[in-house]
Amino acid sequence: MDGSRLNFNNPIRDAISRLRFAPNSNNLLISSWDSTLRLYDVDKCELRLESPSEGAALLDCCFESESVALSVDSDGSILRYDMRAGNSKAIGNHDDLATCVEYSVETCQIITAGWDRKVKFSDARSASSSGCLSNLDMEVESMSLSGFSLTVALKSSVHVYDLRYLDGSVQAKEHFMDNHIKCVRSNLNLEGFVAGSTDGQVTLEYLNKSNSTNEGYTFRCHPKNKNGRHHLVAVNDIAFNPSLHGVLVTGDNEGHAAIWDVLNRKRIMELPRYPNSIASLAYNHGGQILAVASSYTYQEANEREEQPQIFMHQME
């Protein structure tokens, strides 16, 4: 499986937006700009679900459970999929592009965000609205959930909310970055988050700075080139290994991926360069498998619009 490519009888026809592994299995959820949500059984090397929608690009996806999935699209729709029955339905919408979706096991909430500058909360048991954060001053670029901690990236700032205290008067903890944020990923064990920027930097920020050991820092994903200039390429995605404390993988818009030990501030290894941009990264629930989506991302005018591919790596 190390570096092997997933095979599809019907190829993915447009850019991949997100990969997500299931909570307790090696089923991989794939959202794409071709308006289709796919479920791939990595163990059996077979496609289990291919569910097209009404023509809008799917911009994010996640699991609600092993048999239920969620997605959001460029029309602002929030979609819910019963993967056993093979059907889907719209359960809500945003007033502009819906860019992010998460599911909270702790609160049974579906959480979505978008370019309408809102974060919406729905009760998964009734599909009814349970709240909305509408006081954001920027479009939501990225969002991540870890336990009760919801991390929201708005251009060059990160807001952190506690899901237990979303009573309308909650004050978010704001963290300001030096650069435009492309992706943010929170981690419960680290009690903090990492943010990848459009200029190739990753910032580790701790939420609890009560002692000197909780000092965050910023590092560049790639060294200077021969001309002494930094590699200014967007960090498209970051994924934490769920079984190795402080270990994460980064992927950029030129197909470079590297695994890091952020606690000891060192790079563990660099993966072979991929044929296209890295659109998404995902570890399975045990951290033994890493999935890498190599796909154009519509960020650059000169991107290679080659067939999107998904590679699997067995972690030692």
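Summarising the local packing, CD of E54 is surrounded by 12 or fewer heavy atoms from other residues, nucleotides or ligands at distances under 6.0 Å. Heavy-atom contacts from other residues, nucleotides or ligands closer than 6.0 Å to CG of N87 number more than 12.
A 4.5 Å side-chain heavy-atom check between L6 and Q309 finds every atom pair outside the cut-off. Counting heavy atoms from C-beta on, the side chains of C221 and D252 never come closer than 4.5 Å. A 4.5 Å side-chain heavy-atom check between W260 and V247 finds every atom pair outside the cut-off. Between N241 and L290, every side-chain heavy-atom pair lies at or beyond the 4.5 Å cut-off. L281 has its side chain out of reach of L19: every pair of non-hydrogen atoms, C-beta onward, lies at least 4.5 Å apart. Between T112 and V119 there is no side-chain heavy-atom pair separated by less than 4.5 Å. With contacts defined as side-chain heavy-atom distances shorter than 4.5 Å, the pair D137/L154 qualifies.
L145 and F148 end up in the same hydrophobic cluster when Ile, Leu, Val, Met, Phe, Trp and Tyr side chains are linked at under 4.5 Å. Following chains of ILVMFWY side-chain contacts shorter than 4.5 Å, one cannot reach L47 starting from M83, and the two form parts of different hydrophobic clusters. Linking ILVMFWY side-chain heavy atoms closer than 4.5 Å, directly or via other members, places I110 and V68 in two distinct hydrophobic clusters. Taking hydrophobic clusters as Ile, Leu, Val, Met, Phe, Trp and Tyr residues chained together by side-chain heavy-atom distances below 4.5 Å, L58 does not share a cluster with I78.
Annotation: side-chain contact (heavy atoms from CB on, under 4.5 Å) contacts of N10 (sequence neighbours excluded): E50. In this structure, the side-chain contact (heavy atoms from CB on, under 4.5 Å) partners of L263, at least two apart in sequence or on a different chain, are L190, Y206, H245, D261. In this structure, the salt bridge (charged side-chain N to carboxylate O under 4.0 Å, His left out) partners of R164, at least two apart in sequence or on a different chain, are D162.
Considering every non-hydrogen atom in both E306 and P275, the closest pair reads OE1-O, 3.9 Å. Across all non-hydrogen atoms, the minimal contact from L163 to G147 is CD1-O, 4.3 Å. Of all the heavy atoms in R80 and A124, the pair that sits closest is NH2-O, 3.0 Å. Looking at every heavy atom in both residues, C100 comes nearest to V72 through N-CG2, 3.8 Å. Among all heavy-atom pairs drawn from I181 and A195, the shortest one is CG2-CB, 4.1 Å. Residues V235 and Q201 come closest through the heavy atom pair CG2-O, 3.9 Å.
In this structure, D60 pairs ionically with R20, as a charged nitrogen and a carboxylate oxygen lie closer than 4.0 Å. Ion pairing of E66 with R84 is absent here, as no side-chain N (NZ or NE/NH1/NH2) approaches a carboxylate O to less than 4.0 Å. Between D96 and K118 there is no salt bridge, since none of the side-chain N atoms of the basic residue sits less than 4.0 Å from a carboxylate O of the acidic one.
Here S71 contributes atom OG and R18 contributes atom CZ; the two are 12.5 Å apart, rounded to the nearest 0.5 Å. To the nearest 0.5 Å, atoms CZ (R185) and OG (S146) are separated by 12.0 Å.
Listed by first and then second residue, the ring-ring contact (aromatic ring centres under 6.0 Å, His included) pairs that reach into residues 182-202 are H175-F193, sequence neighbours excluded. The ring-ring contact (aromatic ring centres under 6.0 Å, His included) analysis of residues 73-127, with sequence neighbours excluded, yields no pairs. For residues 27-66, every residue pair satisfying the ring-ring contact (aromatic ring centres under 6.0 Å, His included) rule, not counting sequence neighbours, is listed here: F8-Y40, W33-Y298.
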**Study point:** side chain to side chain contact (heavy atoms under 4.5 Å, CB included) between V262 and L248, intermediate numbers included
**Key:** CA-CA 7 Å; V262 294; L248 57 81; 3.5 Å; yes
Review point. Would T218 and T203 satisfy side-chain hydrogen bond (donor to acceptor under 3.5 Å, both in side chains), going step by step from the backbone distance to the final call?
Key: CA-CA 4 Å; T218 297; T203 297; 2.9 Å; yes
Review point. Step by step, would you call S130 with Q109 a side-chain hydrogen bond (donor to acceptor under 3.5 Å, both in side chains)?
Key: CA-CA 8 Å; S130 59; Q109 285 178 309; 3.2 Å; yes
Practice item. Please step through side-chain hydrogen bond (donor to acceptor under 3.5 Å, both in side chains) for the pair S77 and D75, ending with a clear verdict. Key: CA-CA 6 Å; S77 298; D75 280 348; 5.6 Å; no
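Under the side-chain contact (heavy atoms from CB on, under 4.5 Å) rule, M315 has a single partner from L244, I289, I259, which is I259. N27 pairs in a side-chain contact (heavy atoms from CB on, under 4.5 Å) with only one of the listed residues (L49, L39, N284), which is L39.
Between F21 and Y283, the distance separating the two ring centers is not shorter than 6.0 angstrom.
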